[in-house]
Amino acid sequence: MAFGSPSSTTGILNPTPQAEVDRLLQAGGAARGVVTGSRHDMSDGDRSVRTRVHVRVRARLPQGALGPETSVTAWVNWKVAVLLEPGLEVPVEIDRSTGSVTGLVTGQLAEELASRSKEAKQRHRGYDVETGLEGITGVPSVMREVFAAPSPTVPADGGLGVEHPLLAPIEGVSLVQAEAQRRGQR
């Protein structure tokens with residue numbers, strides 16, 4: 001994707017109107033930038049609660065200009081990591097004297113991408129374990145349910161039919177006799 005200076009919002013996936021970009025630049029807080037490339041440190045199937053991302057980004061500047069491409073590293077949720085793609089506009093911290101991006105505003109970025117959770121799961125298949133307080137405190141009750149469930153009963157013939165070769169007596173003891181003996185030992 002090519003970006004020029006000055007540029008239009010062509011090529012930006014979710015462009016903020018230039019008047020708002022200019023207002024943010026004058027306000028002194030978070031500004032807007034455009035991702036030109038990114039990679040994350042997760043392996044296939046890994047869904048880390050926090051993972052490191054390496055992002056190349058250019059700040060959006062007054063009059064539609066873009067600042068120099070800057071590489072920044074940040075720690076984000078795995079869903080955010082897989083949704084960072086070229087052309088995505090993201091909240092950034094910038095050095096207003098040079099127009100260079102100095103970091104991502106990760107909290108705001110996570111909020112902006114929260115509605116795309118389902119898309120993140122489709123892009124990066126795998127599983128995640130809830131390690132927050134709710135996940136940890138819920139484990140004992142889940143384990144109780146698993147171990148408290150009654151054992152399934154198996155039909156005497158195993159559902160195979162009494163003539164099935166797998167049900168032939170072993171050392172003269174049939175499955176029915178073994179089950180009766182087992183029940184008698186309780």
(message) A side-chain contact here means heavy atoms from C-beta on lying under 4.5 Å apart; do V82 and E119 qualify?
(response) no
(request) Examine the side chains of Q181 and Q177 and answer whether a donor and an acceptor come within less than 3.5 Å of each other. (result) no
(message) Applying salt bridge (charged side-chain N to carboxylate O under 4.0 Å, His left out), can you list everything that pairs with E89, at least two apart in sequence or on another chain?
(response) R32, R60
(message) So which atom in A30 and which in Q108 form the shortest heavy-atom distance, rounded to 0.1 Å?
(response) CB-OE1, 3.8 Å
(request) Mark yes or no for whether E112, through its side chain, and G107, through its backbone, hold a donor-acceptor pair below 3.5 Å. (result) no
(message) Within the 4.5 Å heavy-atom criterion, are T70 and S100 side-chain neighbours or not?
(response) yes
(request) Please round to the nearest 0.5 Å and tell me the distance separating atom OG1 of T102 and atom CD1 of I94. (result) 8.0 Å
(message) Testing the 3.5 Å rule here: is there a donor-acceptor pair between the side chains of Q26 and D22?
(response) no
(request) Taking all heavy atoms of V101 and all of A59, pick out the closest pair and write down the distance. (result) CG2-N, 3.6 Å
(request) Please report the shortest heavy-atom distance between T51 and A81, naming the atom on each side. (result) CG2-CB, 3.6 Å
(request) With the side chain counted from C-beta on, respond yes when L113 and L88 share a heavy-atom pair under 4.5 Å apart, and no when they do not. (result) yes
(message) Ignoring hydrogens, what is the shortest heavy-atom contact between L25 and A31? Give both atom names and the distance.
(response) CD2-CB, 4.0 Å
(message) For a 4.5 angstrom cut-off between non-hydrogen side-chain atoms, does E93 reach V105?
(response) yes
(message) Among residues at least two apart in sequence or on other chains, which ones pass side chain to side chain donor-acceptor pair (under 3.5 Å) with E85?
(response) R116, R123
(message) Do L104 and V72 have side chains that approach each other closer than 4.5 Å (heavy atoms only, starting at C-beta)?
(response) yes
(request) Taking R50 for its side chain and W75 for its backbone only, find out whether a donor-acceptor pair lies under 3.5 Å. (result) yes
(message) Side-chain heavy atoms nearer than 4.5 Å, only ILVMFWY residues, links allowed to pass through others: does that put L24 and V90 together?
(response) no
(message) Using every non-hydrogen atom in the two residues, find where V92 and G33 come nearest and quote the distance to one decimal.
(response) CG2-N, 3.7 Å
(request) Check each of T36, V35, V34 against R56 using the side-chain contact (heavy atoms from CB on, under 4.5 Å) test, and report the only one that passes. (result) T36
(request) State, yes or no, whether a side-chain contact exists between K121 and K79 at a heavy-atom distance under 4.5 Å. (result) yes
